[in-house]
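Remarks on the structure that follows.
Computed over heavy atoms, backbone and side chain alike; hydrogens, waters and symmetry mates excluded. Residue numbers start at 1 and run along the sequence shown.
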Amino acid sequence: MGTFNTSFGEGFILVGFSDWPQLELILFIYISLFYSLTLFGNTTIIILSRLDPRLHTPMYFFLCHLSFLDLCYTTSTVPQLLINLSGLDRTISYGGCVAQLFIYLSLGGTECVLLVVMAFDRYAAVCRPLHYTTIMNPLLCRFLAIAAWVGGLTNSLIQTSLMMAMPLCGLHYLNHFFCEMLVLQKLACEDTGGTEAKMFVARVIIIVVPAALILGSYAHIAQAVLRIKSMSGRRKAFGTCGSHLFVVCLFYGSGMYTYLQPLGSYSESKGKFVALFYTVIIPMLNPLIYTLRNKDVKGALWKVLGRGRSSG
């Protein structure tokens, strides 16, 4: 059983959900539906944020980035998953696997940082309302957005490089529906404790540190909201921040469960279903969670629809 990660001619077979053949058709139908809703919902947010001047605010600027991020993130894995579930093709080349690993790590890391940026925006809006427009000026917003993308890219470069340096051997089967890093690590031929420790530290930095910063910002937000005497004001503040906090809990909760457990404890069977949650469900829920109770987005949607009817 020789090493094969130096040979780009040899690829992998993605097992996917073939060990549960009775679920494949059901998963194919539901995932196709959820993917369509993800494309529609996130594209709608991007279009509305561009068209309606009322949505030209820092909050929607960052929400546009999150929507674009979710479109890319889910598209990096779901189309291949649907092909896998249909039974047409379960293979992926070594180069394709490395590219997919790099892309999804980069996008996942970017979302970790972007959610911190969005928490800071909510902190400024609630705790510093009189200085909000001065603090969250366009130049700072662009800088923070770029920093989120650069942070995700840097994290991915580090972890993908460490992963590619590991000698892999054995059967070319990945018990997953995409090139999940932890599944690839289990194919390592030799003791890679040092490399695994470095990768674990990188995951802690990109997951735990942002989560701690977000919780800290929301502790300050909660204190500020409780000082608001008006019940309607409290309700509005909790409504605005509660949606973001819910997304944070979903995203970081599934991320911590997957990436912060010891490699020996990682269950590939359970991991596949958890991965469905953060690659399919969360990107679909984000547009609904952020906009379902948002009057500005509803108003922008009706305005665009009304304009379309009048022009028709």
Criterion ring-ring contact (aromatic ring centres under 6.0 Å, His included) on F61 and H65, from CA distance to verdict: CA-CA 7 Å; F61 173 76; H65 277 268; 4.8 Å; yes
Inter-residue atom distance [X].[atom1] - [Y].[atom2], 0.5 Å rounding:
X    : Y    : atom1 : atom2 : answer
F178 : N84  : CZ    : CG    : 12.0 Å
L81  : S76  : CG    : OG    : 11.0 Å
L66  : I46  : CG    : CD1   : 9.5 Å
Y94  : H172 : OH    : NE2   : 11.5 Å
I31  : I26  : CD1   : CD1   : 11.0 Å
F200 : L263 : CZ    : CG    : 11.0 Å

Atom OH of Y132 with >12 non-hydrogen neighbours under 6.0 angstrom: yes
Plane angle bin for F17 and F273 - parallel if under 30°, tilted between 30 and 60°, otherwise perpendicular: perpendicular
Residues forming a ring pair (Phe, Tyr, Trp, His ring centres under 6.0 Å) with Y259, sequence neighbours excluded: none
What heavy-atom pair brings [X] and [Y] nearest, and what distance separates the two atoms?
X    : Y    : value
S18  : P21  : O-CD, 3.4 Å
H176 : A275 : CE1-CB, 3.5 Å
P210 : I206 : CG-O, 3.2 Å
C64  : I45  : SG-O, 4.3 Å
F251 : G108 : CZ-O, 3.8 Å
S156 : L105 : OG-CB, 3.6 Å

Quick check: is [Y] connected to [X] through a chain of hydrophobic side chains (ILVMFWY, heavy atoms under 4.5 Å apart)?
X    : Y    : value
I205 : M181 : no
L250 : L215 : no
L285 : L33  : yes
W20  : V183 : yes
L260 : L213 : yes

Side-chain heavy-atom pair [X], [Y] within 4.5 angstrom cut-off:
X    : Y    : value
C179 : Y104 : no
R203 : Q159 : yes
V116 : V209 : no
L276 : F177 : yes
L39  : L71  : yes
I282 : S254 : yes
Y123 : I214 : no
L63  : S49  : no

Criterion side-chain contact (heavy atoms from CB on, under 4.5 Å) on Q223 and R227, from CA distance to verdict: CA-CA 7 Å; Q223 289 176 347; R227 286 197 294 265; 4.2 Å; yes
Looking only at atom types and distance, does a side-chain atom of [X] sit under 3.5 Å from a main-chain N or O of [Y], one as donor and one as acceptor?
X    : Y    : value
N42  : T38  : yes
Q261 : Y257 : yes
T74  : T279 : yes

Residues in side chain to side chain contact (heavy atoms under 4.5 Å, CB included) contact with L226, at least two apart in sequence or another chain: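 So L226 forms no side chain to side chain contact (heavy atoms under 4.5 Å, CB included) with any residue.
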Full working for side-chain contact (heavy atoms from CB on, under 4.5 Å) between F62 and C141: CA-CA 8 Å; F62 296 127; C141 289; 3.9 Å; yes
Listed once per pair and sorted, the ring pair (Phe, Tyr, Trp, His ring centres under 6.0 Å) pairs that draw on residues 21-42, sequence neighbours left out: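 Ring pair (Phe, Tyr, Trp, His ring centres under 6.0 Å) check on residues 21-42 returns no pairs.
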Derivation of the side-chain contact (heavy atoms from CB on, under 4.5 Å) call for E268 and D19: CA-CA 12 Å; E268 293 168 339; D19 40 357; over 6 Å; no
From CA spacing to verdict: side-chain contact (heavy atoms from CB on, under 4.5 Å), Y252, C112: CA-CA 8 Å; Y252 285 102; C112 286; 3.9 Å; yes
